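This is a predicted model, so every value here is computed, not measured. In each ligand, atom 1 is the first atom listed, and ligand 1 is the first ligand listed.
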Amino acid sequence: MTYSPQIGAENAVRRVVIVGGGTAGWMCAAAIGSVLSKLGLSITLVESDAIGTVGVGEATLPHIRFFNQKLGIDENALMAATQATYKLGIEFKNWGNIDESYIHPFGDFGVPINRVPFHHYITRAIQSGQNIDLDEYSLPVMAARRGKFTLPSMDMSSVMSTYGYAYQFDATLYARFLRKFSEDKGVIRQEGKVTSVAQDPESGFITSVTLESGTQIDGDIFVDCTGFRGLLIEQTLNVDFDDWSEYLPCNRAVTVGSEPIGPAGPYTRATAKSAGWQWRIPLQHRIGNGYVYASDYISDDEAAASLLEDVDGPLRGEPRHLRFKSGARKASWNKNCVAIGLSGGFLEPLESTGIYLIQEAITNFIELFPSRDCPDPERDEYNRIMDLSFERVRDFLILHYVATQRTDSAFWRYCKDMSIPDSLQHKMDLFKSSGRVVSYELGAFKFPSWLAVYYGQGIVPRNIDPVSAHMPETALPGELSRLKNMISGAVNKMPNHTDYIAENCAADPSEVM
Ligand SMILES: Cc1cc2nc3c(=O)[nH]c(=O)nc-3n(C[C@H](O)[C@H](O)[C@H](O)COP(=O)(O)OP(=O)(O)OC[C@H]3O[C@@H](n4cnc5c(N)ncnc54)[C@H](O)[C@@H]3O)c2cc1C
């Protein structure tokens, strides 16, 4: 996050108003308060305890570590305060077919040979009839399966540098942590419900919000973090929403916590079910569980019963139902309002991208931080980047559904045969034809992520890179077993995930919620 001031004092933004104090609101407050502190901005965050937050969001992507590092947050302190565990990837069960499982890891598969990506050699081995288990060529997958964790090495020549990690945490505690951080940086928190929004009659810019108590808060820039309500972006500025339900038909979730049984694994699990999928996310003090489903294919009661059947420990509390729609705001920056978080868009939580997309939005907003008149070029560039970020996550999520061989329920038959966006069709065609992965600068999921899902769900390319075909047939088994041994030797030496947490970032047991 960088900022180069280029604005005259009279046109400079002085007052930023953030409406909403969920994860999005407090991440914005912390980042703007910290990164733009030189500008002497006054930052006010309005939130309503009576309305509350969405109260879900437990699994993250590795990018969050860089967000926290920029703010100077101590990782161990954050992990202890949020009941966090480490996450090396997501296990997908029953997606390609029932009784199959693969892990999408935060890390590489193998190493390039003769500058050709490793998977071309794997494809060659599969094509020649060898029984290949891709898991064995990924350190984070093997570590996850064996419940091991340590921080990656900074020595890029070591196999221990071939992975990243994220957190599994309580997002409500994360927001609480960031609230204290932000207030220490001078952010003012204002409790109360916004009941009216005033706009300039000519420009339509938002000029103030007024609370139920009558308190009026004026601002130059407004950040809408009001969640699915979209109080400013939708209810005030009427910006439309692109609904992607035809590609991502899950639109509801039922969630419940449970007592941990056994050691917490360093990975999230997503198990495909008859009308959606169920998550299992181990934190230090509890397991988060939720069934994400399509209401066209199962009732709320049936989904709740199915969730409870597959929870593996005593329950903590009652199941809670949520409704959502996958899609994105057509222009999440409109006039002097930027919608960040659920108000800006939401893609169902299969790959834990909610908090990642918030982080992307904040980073881009700070990099394009405007003068008070919010010029069109900054706004357009922000919207261009966010559109691409959402679309690329969308395509990756759809891949999990369309690349199934399941036909055992109406839901899976729909997914298998649904039409998909041209952008995804192009990616899949290229991979099937030549094993090449379309790469872009923007987008959360890079090369190894796509490989994990393609191979994990049974898509193997027809052809391989011509250079990989030149390795003598007899040399390949040796290369493969050398790599396998190096990975399993390294995993043997890693500590158990739970021991690593106990030594470095255990939460205070008296703070169990
Ligand atoms: C089922 C499900 C599972 C998810 N799982 C994950 C996950 O594993 N990982 C991940 O990264 N993301 C996940 N997400 C997404 C994640 O929950 C959200 O991205 C994140 O919590 C941010 O929410 P928010 O701050 O935008 O909205 P909210 O949490 O809804 O906060 C909205 C805020 O606005 C305030 N507000 C609203 N109206 C007013 C008003 N009139 N006046 C004053 N204040 C107001 C509320 O009080 C609240 O403070 C999941 C989402 C769902 C639905």
(message) Could you work out, for atom 48 (C) of ligand 1, the closest of Ala166, Gly52, Gly55 by heavy-atom distance?
(response) Gly52
(request) Give a yes/no on ligand 1: does Gly192 have at least one heavy atom closer than 4.0 angstrom to it? (result) yes
(request) Starting from atom 49 (O) of ligand 1, locate the nearest protein heavy atom and write down its residue, its atom name and how far away it is, to 0.1 Å. (result) Gly21 N, 2.9 Å
(request) Could you list the atoms of ligand 1 found under 4.0 angstrom from a heavy atom of Ile355? (result) 10 (C), 11 (O), 12 (N)
(message) Is the ring pair Tyr297/Phe411 parallel, tilted or perpendicular, if the boundaries are 30 and 60 degrees?
(response) perpendicular
(request) Would you mind checking if Asp310 and Lys273 are paired as a salt bridge, meaning a charged N to carboxylate O distance below 4.0 Å? (result) yes
(request) Could you label the plane-to-plane angle of the Phe390 and Trp244 rings as parallel, tilted or perpendicular, counting under 30° as parallel and over 60° as perpendicular? (result) tilted
(request) Using the six-membered ring wherever Trp is involved, compare the ring planes of Tyr167 and Tyr165 and label them parallel, tilted or perpendicular (cut-offs 30° and 60°). (result) perpendicular
(request) Look at ligand 1 and say whether Leu231 reaches it with a heavy atom at a distance under 4.0 Å. (result) yes
(request) Mark up the atoms of ligand 1 that fall under 4.0 Å of a heavy atom belonging to Leu342, in ascending order. (result) 18 (C), 19 (O), 23 (O), 26 (O), 27 (O)
(message) Give me the nearest non-hydrogen protein atom to atom 17 (O) of ligand 1 as residue plus atom name, then the distance to 0.1 Å.
(response) Val56 O, 2.8 Å
(request) Select one of side chain, backbone, both or neither to describe which atoms of Ala253 lie under 4.0 Å from any atom of ligand 1, heavy atoms only. (result) side chain
(message) Is the contact between Pro349 and ligand 1 made by the side chain, the backbone, both, or neither, using heavy atoms and a 4.0 Å cut-off?
(response) side chain
(request) May I ask you to say whether Arg14 pairs ionically with Asp220, meaning some side-chain N is under 4.0 Å from a carboxylate O? (result) no
(message) Counting non-hydrogen protein atoms only, what is the nearest one to atom 44 (N) of ligand 1? Give residue, atom name and distance.
(response) Ser48 N, 3.5 Å
(request) Return the residue, atom name and 0.1 Å-rounded distance of the protein heavy atom closest to atom 14 (N) of ligand 1. (result) Phe346 CE1, 3.9 Å
(request) Tell me which protein heavy atom sits closest to atom 40 (C) of ligand 1, plus the residue, atom name and distance to 0.1 Å. (result) Ile51 CD1, 3.5 Å
(message) Side chains of Tyr382 and Asp387: any donor to acceptor distance under 3.5 Å?
(response) no
(request) Could you see which bit of Ala171 sits under 4.0 Å from ligand 1, with heavy atoms only: side chain, backbone, both or neither? (result) neither
(request) Quick one: look at Glu58 and ligand 1, take heavy-atom pairs under 4.0 Å, and tell me if it's side chain, backbone, both or neither. (result) backbone
(request) Answer side chain, backbone, both or neither: which part of Ile358 comes under 4.0 Å from ligand 1, heavy atoms only. (result) side chain
(message) Could you check whether Lys330 pairs with Asp240 (Lys NZ or Arg NE/NH1/NH2 to Asp/Glu carboxylate O, under 4.0 Å)?
(response) no
(request) For the residue pair Tyr454 and Trp450, categorise the inter-ring angle as parallel (less than 30°), tilted (30 to 60°) or perpendicular (more than 60°). (result) tilted
(message) So for Gly290, does at least one of its heavy atoms come nearer than 4.0 angstrom to any atom of ligand 1?
(response) no
(message) Using a 6.0 Å cut-off, check whether atom NZ of Lys446 has over 12 heavy atoms from anything other than its own residue.
(response) yes
(request) Only heavy atoms count here, so choose which of Ser196, Gly57, Ala59 is nearest to atom 9 (N) of ligand 1. (result) Ala59
(request) Measure the acute angle between the ring planes of Phe92 and His104, then classify it against the limits of 30° and 60° as parallel, tilted or perpendicular. (result) parallel
(request) Look at atom 30 (O) of ligand 1 and say which protein heavy atom is nearest, naming residue and atom and giving the distance to 0.1 Å. (result) Val54 N, 3.3 Å
(message) Taking Arg189 first and then Glu183, would you say they form a salt bridge - that is, a charged N and a carboxylate O separated by under 4.0 Å?
(response) no
(message) Which residue and atom name correspond to the protein heavy atom nearest atom 35 (C) of ligand 1, and how close is it?
(response) Gly20 CA, 3.6 Å
(message) Under a 4.0 angstrom heavy-atom cut-off, which atoms of ligand 1 come close to Gly341?
(response) 26 (O)
(request) Take every heavy atom of Trp279, measure it against each atom of ligand 1, and state whether any distance is under 4.0 Å. (result) yes
(message) Out of Ala24, Cys225, Gly25, Gly227, who is nearest to atom 33 (C) of ligand 1 when you count heavy atoms only?
(response) Cys225
(message) Judged on heavy-atom distance to atom 42 (N) of ligand 1, which of Val194, Thr53, Thr60 sits nearest?
(response) Val194
(message) Check this for me: does any side-chain nitrogen of one of Arg384 and Glu381 sit under 4.0 Å from a carboxylate oxygen of the other?
(response) yes
(request) Salt-bridge test for Arg229 and Glu234: reply yes if a basic N is under 4.0 Å from a carboxylate O, no otherwise. (result) no
(message) Any carboxylate oxygen within less than 4.0 angstrom of a Lys/Arg side-chain nitrogen, looking at Glu58 and Arg286?
(response) yes
